[in-house]
There are 2 protein chains.
Amino acid sequence: MGQIRNTRQRTAVAAVFDELDGFHSAQEVHARLRAAGDGIGLSTVYRAVQALVDDGELDSIRTDSGEAVYRRCSTQHHHHLVCRNCGRTVEVEGPAVERWADRVAAEHGFTDVSHTLEIFGTCTTCSQARAASAAAQPAG
Amino acid sequence: MGQIRNTRQRTAVAAVFDELDGFHSAQEVHARLRAAGDGIGLSTVYRAVQALVDDGELDSIRTDSGEAVYRRCSTQHHHHLVCRNCGRTVEVEGPAVERWADRVAAEHGFTDVSHTLEIFGTCTTCSQARAASAAAQPAG
DNA sequence: GTCATTGCAAACGCTTTGCATCTGT
DNA sequence: ACAGATGCAAAGCGTTTGCAATGAC
């Protein structure tokens, strides 16, 4: 059964996640490899990424728009604080949250626990801009 | 400009979320209304749901499979602990996490803060089933 | 030589959109 | 009567899959 072979394409996909931190989509990886001159098909990237997830080498989450994004598991775990207006992102850590999530899951008998946490808000710059434009256009 | 009208369909969609707790997809709402005898188009459900999200009456998140699901905002805010194998979901609360998210966002100057948090794991039943099947098939 | 892997294109599922019709105001 | 809302069908998007060709072992 399932004998796994080392191919140029699989290696290339894994290498992308070695070089890049954070989350990246299959399409992004594909574009990046194509740009680098590595001929590779989109479906191959999808299959390679899935294989890496199955192997436990990648974690995956869904973005707000429904796209699947992947990151190397060994990367330092952190969360994102995202401005919902300009998209500016701040990486934040919260050891307490990690422990809480693990504890809650354990209390319910869950094992092999992971979690995703995103915080959304309006950053200083954008809330000031919004206030200014509201003043200029009263009925906004 | 944007004058919003009260239509039978919009009311029906909003009513579904009044009666049901938790997260539900647009397709599920559509099927439910059809089953109840309310004639309504799928795209109308999508548009109604989006309008409710814009109005701040619904929250939306993405499931693991990329489907968008919605829930009434007035519902007590909580998070989900999801079995990544069978999909069983437990609702969990974590006041500490809420406060942490608000504080971290405030420290970075963000306002109007919200967040999404999902915990994934393998539930007791599924981890037992997995152990059993691994024992039966040593080279799995 | 065998069989997993590749790559294309077509299929898929969820969501969005164009447009003619309908309806609340 | 006007402007927003509806519903269908078709398009759009990310993702998956069928199948013949390719290449790792």
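Heavy-atom basis, side chains included; hydrogens, waters and symmetry copies ignored.
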Could you check how far [atom1] of [X] sits from [atom2] of [N], rounded to whole Å?
| X | N | atom1 | atom2 | result |
| --- | --- | --- | --- | --- |
| B:Glu67 | C:dC12 | CD | P | 18 Å |
| A:Ile40 | D:dG23 | CD1 | C1' | 15 Å |
| B:His30 | D:dA9 | NE2 | C1' | 14 Å |
| A:Gln9 | C:dA4 | CD | P | 17 Å |

Enter the inter-axis angle for the ends of the helix from C:dG1-D:dC25 to C:dT25-D:dA1 (five pairs per end, rounded to 10°).
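About 30°, once rounded to a multiple of 10°.
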When B:Arg10 and B:Arg34 are each assigned the nearest nucleotide of DNA chain D, the 5'-most assignment goes to B:Arg10
Side chain A:Arg71, main chain A:Gly22, donor-acceptor under 3.5 Å
no
Can a donor-acceptor pair be found, under 3.5 Å and without considering hydrogens, that links the side chain of B:Arg8 to the backbone of B:Gly39?
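Side chain of B:Arg8 to backbone of B:Gly39, a donor-acceptor pair under 3.5 Å: yes, one is there.
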Quick check: on DNA chain C, is the nucleotide nearest B:Ala26 upstream (toward 5') of the one nearest A:Ala48, or the reverse? Name the residue that is more 5'.
A:Ala48
Qualifying residues under side-chain hydrogen bond (donor to acceptor under 3.5 Å, both in side chains), relative to B:His24, sequence neighbours excluded:
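For B:His24, the residues satisfying side-chain hydrogen bond (donor to acceptor under 3.5 Å, both in side chains) (neighbours in sequence not counted) are B:Glu28.
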Not counting sequence neighbours, which residues clear side-chain hydrogen bond (donor to acceptor under 3.5 Å, both in side chains) with B:Thr11? List them please.
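For B:Thr11, no residue satisfies side-chain hydrogen bond (donor to acceptor under 3.5 Å, both in side chains) once neighbours in sequence are set aside.
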With sequence neighbours excluded, residues passing salt bridge (Lys or Arg N to Asp or Glu O under 4.0 Å) with B:Asp54:
none
Residues in salt bridge (Lys or Arg N to Asp or Glu O under 4.0 Å) contact with A:Glu107, at least two apart in sequence or another chain:
A:Arg103
Do A:Glu98 and A:His115 have side chains that approach each other closer than 4.5 Å (heavy atoms only, starting at C-beta)?
yes
Heavy atoms, side chains only, cut-off 4.5 Å: are B:Val90 and A:Phe110 in contact?
yes
The contact string for nucleotides 16-25 of chain C, one letter per nucleotide 5' to 3', using protein heavy atoms under 4.0 Å with B, S and - for base, sugar-phosphate only and none, comes out as BBB----BBS
Does A:Gln27 place a side-chain N or O at less than 4.0 Å from the phosphate oxygens OP1/OP2 of D:dC13?
no
